[in-house]
There are 2 protein chains.
Amino acid sequence: MNRIYNFSAGPATLPTEVLEEAQAELLDYQGSGMSIMEMSHRGKYYDAVHKEALANFRELLNVPEEYAILFLQGGATTQFSQIAMNLLGEGQVADYINAGAWSKKAIKEASIIGKVNIAADCGSEIPTRQARQEELKLSPNAAYLHCCSNETISGAQIKEFPKSDAPLVCDMSSDILSRRLNVSDFGLIYAGAQKNLGPAGVAMVIIRKDLAERVPDSVPEMLRYTTHIANDSMFNTPPTFSIYLLCLVSRWLKKKGGLEAMEAQNDRKAAELYEAIDATDFYSGTAVKEFRSTMNVTFRLATEELEKKFIAEASAKGLDGLKGHRSVGGIRASIYNAMPEAGVDALIAFMKEFEQANA
Amino acid sequence: MNRIYNFSAGPATLPTEVLEEAQAELLDYQGSGMSIMEMSHRGKYYDAVHKEALANFRELLNVPEEYAILFLQGGATTQFSQIAMNLLGEGQVADYINAGAWSKKAIKEASIIGKVNIAADCGSEIPTRQARQEELKLSPNAAYLHCCSNETISGAQIKEFPKSDAPLVCDMSSDILSRRLNVSDFGLIYAGAQKNLGPAGVAMVIIRKDLAERVPDSVPEMLRYTTHIANDSMFNTPPTFSIYLLCLVSRWLKKKGGLEAMEAQNDRKAAELYEAIDATDFYSGTAVKEFRSTMNVTFRLATEELEKKFIAEASAKGLDGLKGHRSVGGIRASIYNAMPEAGVDALIAFMKEFEQANA
């Protein structure tokens with residue numbers, strides 16, 4: 001077996017230990033004679049996994065009692081409309097910060113459901129960035145304020161979360177569990193799993209339970225947060241194998257020292273990589289420095305031809321998934337929790353070599 | 001490794017060969033140095049899997065060109081409302097047949113969206129059954145007629161699909177791919193994967209493309225069938241690992257001889273099991289004979305105490321998951337495609353032993 005360094009933005013690299021454990025028990029989970037994915041979600045084996053995953057994430061993120069943690073399907077993309085269906089009542093307005101491609105998608109879906117006010121718009125600026133508090137034009141009595149904590153495509157990350165009288169709703173798909181977090185500052189946090197949590201096919205939602213009560217009667221049962229809160233995310237058959245992998249990742253995070261240790265490691269990895277980018281004019285970062293993401297490190301070379309060569313040669317050396325998003329081009333190194341420091345070191349070494357050969 | 005016979009209703013047993021293949025390549029897919037679940041859904045490896053799965057199911061089910069096959073998230077339960085959101089316009093009525101617990105859930109969700117007419121109601125009858133054509137009270141100009149082809153809990157299966165001038169919409173979660181099917185008879189077919197298709201976390205939808213065009217402007221993009229048709233189920237990140245397993249199951253089905261061979265095997269397994277039930281008065285089937293399911297074989301013993309003993313002793317002999325649904329009790333043996341004939345033989349042998357010891 002020859003594992004490479006996978007810098008893909010998502011679905012993304014997972015801890016090798018997690019995959020090894022899943023592999024070992026794939027056909028016979030704990031001597032049951034069945035795979036965990038073949039078992040009833042109402043049975044004792046899966047029930048223990050489900051509860052452990054919930055408990056571990058509650059502990060890791062220090063989630064207060066008045067918040068529920070939900071495992072839902074449909075990714076963050078389903079949340080874009082589900083949030084508005086549940087929280088944006090008739091005659092109300094929701095504030096949205098547009099900081100890039102993912103903000104825009106959330107805005108587009110919410111606008112089909114209700115009234116949206118763009119509180120700030122830096123979504124098309126280059127260098128890329130997040131909005132600053134002083135530029136926010138907030139609505140009086142907004143239903144909520146929505147932001148995207150880390151724009152995966154542009155590589156711009158919120159360092160200080162916006163403040164508003166309205167509940168803060170945040171898409172944390174690409175940086176949840178990468179740093180410490182004060183959950184009490186938020187009304188709702190959501191994240192597709194396929195970056196920092198596990199495989200694609202499950203989304204985590206953390207919601208202040210009283211907010212969920214806002215849901216209008218016109219919303220189908222399956223799309224109400226109240227339904228999933230009342231049923232502990234077992235209203236319908238959950239994506240059991242995906243949640244099992246989330247559980248293994250949560251154990252791995254606890255073993256690694258939790259979010260404090262993760263944050264320190266992520267800061268270190270990102271700092272080293274940005275240092276390599278800033279060392280010469282050969283590479284140039286694409287995000288405003290104060291908003292540089294610790295998860296998705298985006299940069300450019302002088303020409304698209306050179307970028308193509310960089311990506312191809314890196315791939316040949318076992319550094320894969322470095323191509324920037326098709327909408328913006330350039331290079332993107334996604335260095336989520338599961339990317340080891342050795343992977344970042346290998347990338348930096350390659351960058352130096354490549355520069356020497358091509359400068 | 002000691003695999004047992006798993007009669008669970010879903011998530012359910014999967015072909016051992018499929019799990020072995022998934023296990024072998026879990027950390028290194030085709031020499032890529034990555035798991036298939038760690039790869040970008042836009043990359044060449046996953047793209048080939050996605051396309052092969054679609055092509056295999058199109059071939060297996062003989063799906064005509066004017067129909068799209070979609071892989072969606074949220075299970076059949078999300079479809080309950082999504083169907084009504086997309087196909088049931090304002091001022092229209094949809095006909096629903098109530099034949100049991102799953103029909104009822106579909107009706108409940110659709111009723112939140114629009115007007116529902118109960119075309120027939122045999123959902124609470126015991127012995128359990130499906131509706132007959134002559135008892136259907138169809139609405140003139142109905143948006144569609146909805147039925148559930150196999151009520152997983154009651155063990156009652158449609159043998160001849162209902163006829164209506166309206167498009168037929170069918171929940172086939174627990175019997176899709178178990179028998180030959182004329183897709184042209186339907187407007188929309190849907191199925192959660194966790195019985196006959198693969199792991200929980202993905203639903204298959206087969207929809208006549210022109211029907212999808214009915215969708216009102218008020219439906220969010222993510223919940224429109226048109227969105228997923230236009231994007232080949234890649235509008236957002238699909239549940240890649242689940243679809244990879246579906247692809248492996250589709251290959252296994254083709255190798256086994258396709259739906260003709262599956263139907264013959266399923267008929268044989270069910271006939272043998274029902275023969276054992278009917279052989280004496282010790283066991284009694286719970287569904288009307290003409291509607292007996294080939295997938296979920298439901299029966300009772302004289303007392304609940306005896307049923308409890310049956311389930312416990314069977315489990316001790318490696319025959320697991322035989323407990324009936326908590327809402328109805330009794331015994332339920334789910335014998336989906338992946339349950340080998342040897343598993344059914346073992347169950348029948350145990351039934352005879354148990355009867356001799358307890359009659």
Side-chain angles (χ1 to χ4, degrees), chain A residues 1-4 6 8-14 16 19-20 22-23 26-28 31-35 37-43 73-78 80-81 85 108-109 112-113 192 194 199-202 217-223 235-242 318 320-321 326, chain B residues 1-4 6 8-14 16 19-20 22-23 26-28 31-35 37-43 73-78 80-81 85 108-109 112-113 192 194 199-202 217-223 235-242 318 320-321 326:
Chain A
M1 199 190 56
N2 181 33
R3 297 266 298 166
I4 60 156
N6 170 13
S8 177
T13 194
L14 289 166
T16 302
L19 290 172
E20 281 169 345
Q23 183 180 46
L26 196 72
L27 275 89
D28 183 6
S32 64
M34 298 177 266
S35 175
M37 75 174 85
E38 297 175 299
M39 290 179 181
S40 169
H41 54 296
R42 309 273 176 203
Q73 291 186 57
T77 305
T78 295
F80 296 161
S81 51
M85 280 182 194
K108 196 175 169 197
E109 282 289 69
I112 295 174
I113 310 295
Q194 65 270 18
V202 57
D217 293 341
S218 58
V219 174
E221 225 176 335
M222 180 65 183
L223 290 169
F235 173 66
N236 67 324
T237 313
T240 52
F241 188 71
S242 302
D320 206 71
R326 61 208 145 93
Chain B
M1 197 190 57
N2 182 32
R3 297 266 296 167
I4 60 156
N6 171 13
S8 177
T13 194
L14 289 167
T16 303
L19 290 173
E20 281 169 347
Q23 183 180 46
L26 195 71
L27 275 90
D28 183 6
S32 63
M34 298 178 266
S35 175
M37 76 174 86
E38 297 176 300
M39 290 180 182
S40 168
H41 53 297
R42 310 273 177 204
Q73 291 185 59
T77 305
T78 295
F80 295 161
S81 51
M85 281 182 193
K108 195 176 170 198
E109 281 290 69
I112 295 174
I113 309 296
Q194 65 270 19
V202 56
D217 292 341
S218 57
V219 174
E221 223 176 336
M222 180 65 184
L223 290 168
F235 173 65
N236 67 324
T237 312
T240 52
F241 189 70
S242 302
D320 207 71
R326 61 208 147 95

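Letters go in sequence order (proteins before strands), and every chain restarts at 1. Excluded from the calculations below are hydrogen atoms, water molecules and symmetry mates; all remaining heavy atoms, backbone and side chain alike, are included.
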Practice item. Could you check if a side-chain atom of Thr240(B) sits within less than 4.5 angstrom of a side-chain atom of Met39(B), using non-hydrogen atoms only? Key: no
Point to revise | Spacing of CG belonging to Leu19(B) relative to CG belonging to Leu27(A), to within rounding of 0.5 Å | key: 4.5 Å
Check your understanding: Taking Glu109(A), Arg42(A), Met85(A) one by one, which has the highest count of heavy-atom pairs under 4.5 Å against chain B?
Key -> Glu109(A)
**Study point:** Pair Glu38(B) + Arg3(A): basic N to acidic O under 4.0 Å
**Key:** yes
Review point. Which of the residues Gly201(A), Gly75(A), Pro220(A) is involved in the greatest number of heavy-atom pairs with chain B at under 4.5 angstrom?
Key: Pro220(A)
**Study point:** Separation between CZ of Phe80(B) and NZ of Lys108(B), rounded to the nearest 0.5 Å
**Key:** 11.5 Å
Exercise for review: Go through Thr13(B), Val219(B), Thr78(B) and name the one with the most non-hydrogen pairs under 4.5 angstrom from chain A.
Suggested key: Thr13(B)
Review point. Side chains of Ser81(A) and Ile112(A): closer than 4.5 Å at any heavy-atom pair?
Key: no
Study note, to complete from the structure: Of the listed Asp217(B), Asn236(B), Leu223(B), Asp320(B), the one with the largest count of heavy-atom pairs under 4.5 Å with chain A is Asn236(B)
Point to revise | Test side chain to side chain contact (heavy atoms under 4.5 Å, CB included) applied to Phe241(A) and Val202(A), step by step | key: CA-CA 10 Å; Phe241(A) 188 71; Val202(A) 57; over 6 Å; no
**Study point:** Contacting moiety of Met37(A), where chain B heavy atoms sit under 4.5 Å
**Key:** both
**Study point:** Under 4.5 Å from any heavy atom of chain B - which part of Gln194(A)
**Key:** side chain
Check your understanding: Is it the side chain or the backbone of Ile113(A) that comes within 4.5 Å of chain B heavy atoms, both, or neither?
Key -> side chain
Check your understanding: Highest number of heavy-atom pairs under 4.5 Å with chain B: which of Gly74(A), Ser8(A), Ala22(A)?
Key -> Gly74(A)
